[in-house]
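Position 1 is the first residue of the sequence; numbering continues from there.
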Amino acid sequence: MEDRFGAHMDDALAFVPSGANLLEAVRGELNGDGIEYQLLVIDQPTPEGLVPGQHGPNRVLLLLRGDGRGRWQLAARNDKLVPCSTRGGLAGDPFAYAMVEEDTFSVITNGGSRERWSSTYRFRYASADKSCWVDGVRRKVVDIETEATNIRDFSAAELGRVRFEDFDPSSVAEVSLP
């Protein structure tokens with residue numbers, strides 16, 4: 001096993017820094033070559049001296065690529081996609097779940113109070129350049145009392161060619177109820 005920044009590690013948990021918590025680890029194949037990928041969602045430690053009303057750091061999202069022999073290599077990292085636990089409003093922690101499907105992986109966040117919001121961020125693996133690119137975003141808001149709903153799907157064409165590691169959810173327009 002090499003260090004955190006080395007080529008490979010025998011255990012995917014070795015990518016979780018000391019003091020951090022692993023929220024989720026999901027595996028799947030992204031490109032049809034039989035090699036597994038693993039998506040880790042890591043909750044970073046809250047900094048000292050945080051005052052009430054301040055938010056902690058966003059979660060770290062790591063995409064690991066298996067080498068076929070049980071070792072993992074860091075393929076990409078995003079520090080902007082999954083907000084900290086205090087950003088979900090009355091609904092609580094905004095991280096819902098992550099999933100890996102054929103050629104894509106998605107991260108779902110949600111929150112709110114009377115108006116509940118959710119965002120689904122989907123990324124597609126491109127074998128040609130061995131990178132993951134934003135494939136689409138779905139934003140949804142629902143008034144839980146009136147059931148008024150607004151859903152907006154943003155296509156990859158609308159979002160532009162953005163790599164997973166460069167994607168910032170704040171670059172996508174929010175949706176609201178009329």
Side-chain angles (χ1 to χ4, degrees), residues 1-45 56-85 87-88 93-111 117-140 153-172:
M1 175 172 81
E2 297 183 29
D3 67 24
R4 291 180 34 95
F5 302 102
H8 294 278
M9 286 199 221
D10 296 327
D11 183 358
L13 292 179
F15 287 89
V16 180
S18 177
N21 295 312
L22 179 63
L23 294 178
E24 185 155 62
V26 293
R27 290 183 184 194
E29 192 176 323
L30 287 179
N31 60 1
D33 66 359
I35 300 293
E36 271 198 317
Y37 283 78
Q38 192 165 177
L39 193 62
L40 304 181
V41 182
I42 302 168
D43 195 15
Q44 301 183 77
N58 286 345
R59 275 66 182 266
V60 174
L61 202 56
L62 300 180
L63 181 64
L64 308 179
R65 183 182 190 278
D67 68 358
R69 297 183 310 246
R71 297 185 308 169
W72 298 97
Q73 182 176 9
L74 180 63
R77 174 183 174 139
N78 185 300
D79 293 346
K80 298 175 184 173
L81 196 59
V82 181
C84 75
S85 64
R87 294 205 179 252
D93 191 335
F95 174 66
Y97 61 95
M99 62 185 174
V100 178
E101 300 172 301
E102 185 178 328
D103 297 333
T104 66
F105 64 90
S106 300
V107 176
I108 294 83
T109 60
N110 57 45
W117 56 266
S118 66
S119 297
T120 301
Y121 306 101
R122 190 177 61 252
F123 300 88
R124 183 168 301 281
Y125 182 82
S127 296
D129 55 12
K130 298 181 180 173
S131 292
C132 293
W133 300 88
V134 66
D135 189 52
V137 172
R138 171 173 271 206
R139 299 263 200 209
K140 178 179 178 180
D153 289 311
F154 298 88
S155 69
E158 289 175 278
L159 298 168
R161 192 152 165 85
V162 182
R163 289 182 191 270
F164 162 71
E165 55 267 32
D166 299 325
F167 180 76
D168 184 345
S170 68
S171 67
V172 181

Verdict with supporting geometry, M99 and V26, side chain to side chain contact (heavy atoms under 4.5 Å, CB included): CA-CA 6 Å; M99 62 185 174; V26 293; 5.7 Å; no
Taking the side chain as every heavy atom from C-beta outward, state whether [X] and [Y] have any atom pair closer than 4.5 Å.
{"X": "L74", "Y": "L64", "answer": "yes"}
{"X": "L81", "Y": "N58", "answer": "no"}
{"X": "Q44", "Y": "V60", "answer": "yes"}
{"X": "Y125", "Y": "D103", "answer": "no"}
{"X": "V107", "Y": "R59", "answer": "no"}
{"X": "L23", "Y": "V82", "answer": "no"}
{"X": "F167", "Y": "V137", "answer": "yes"}
{"X": "F123", "Y": "D135", "answer": "no"}

Nearest-0.5 Å distance, [atom1] of residue [X] to [atom2] of residue [Y]:
{"X": "I35", "Y": "R65", "atom1": "CD1", "atom2": "CZ", "answer": "5.0 Å"}
{"X": "Y97", "Y": "N110", "atom1": "OH", "atom2": "CG", "answer": "9.0 Å"}
{"X": "R122", "Y": "C132", "atom1": "CZ", "atom2": "SG", "answer": "13.0 Å"}
{"X": "E165", "Y": "L62", "atom1": "CD", "atom2": "CG", "answer": "11.5 Å"}
{"X": "T104", "Y": "L30", "atom1": "OG1", "atom2": "CG", "answer": "7.5 Å"}
{"X": "E24", "Y": "L39", "atom1": "CD", "atom2": "CG", "answer": "8.0 Å"}

Looking at every non-hydrogen atom in both residues, tell me the closest pair between [X] and [Y] and how far apart they are.
{"X": "D129", "Y": "A126", "value": "OD1-O, 3.1 Å"}
{"X": "S106", "Y": "T120", "value": "CB-CG2, 4.4 Å"}
{"X": "D93", "Y": "F95", "value": "OD1-N, 3.0 Å"}
{"X": "E29", "Y": "G34", "value": "OE2-N, 3.0 Å"}
{"X": "C84", "Y": "P57", "value": "CB-O, 3.2 Å"}

From CA spacing to verdict: ring pair (Phe, Tyr, Trp, His ring centres under 6.0 Å), F105, Y37: CA-CA 10 Å; F105 64 90; Y37 283 78; 8.6 Å; no
Side chain to side chain contact (heavy atoms under 4.5 Å, CB included) evaluation trace for F154 with V134: CA-CA 10 Å; F154 298 88; V134 66; over 6 Å; no
Contacts of type side-chain contact (heavy atoms from CB on, under 4.5 Å), residue E36, not counting sequence neighbours: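 Result, side-chain contact (heavy atoms from CB on, under 4.5 Å) vs E36: R27, W72.
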Verdict with reasoning, R163 to S131, per side chain to side chain donor-acceptor pair (under 3.5 Å): CA-CA 7 Å; R163 289 182 191 270; S131 292; 2.2 Å; yes
N78 (side chain) donor-acceptor with L61 (main chain) under 3.5 angstrom: no
R138 atom CZ, over 12 foreign heavy atoms within 6.0 Å: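 It does not: R138 CZ has 12 such atoms or fewer within range.
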Residue pair S119 / R139, side-chain donor-acceptor N/O under 3.5 Å: yes
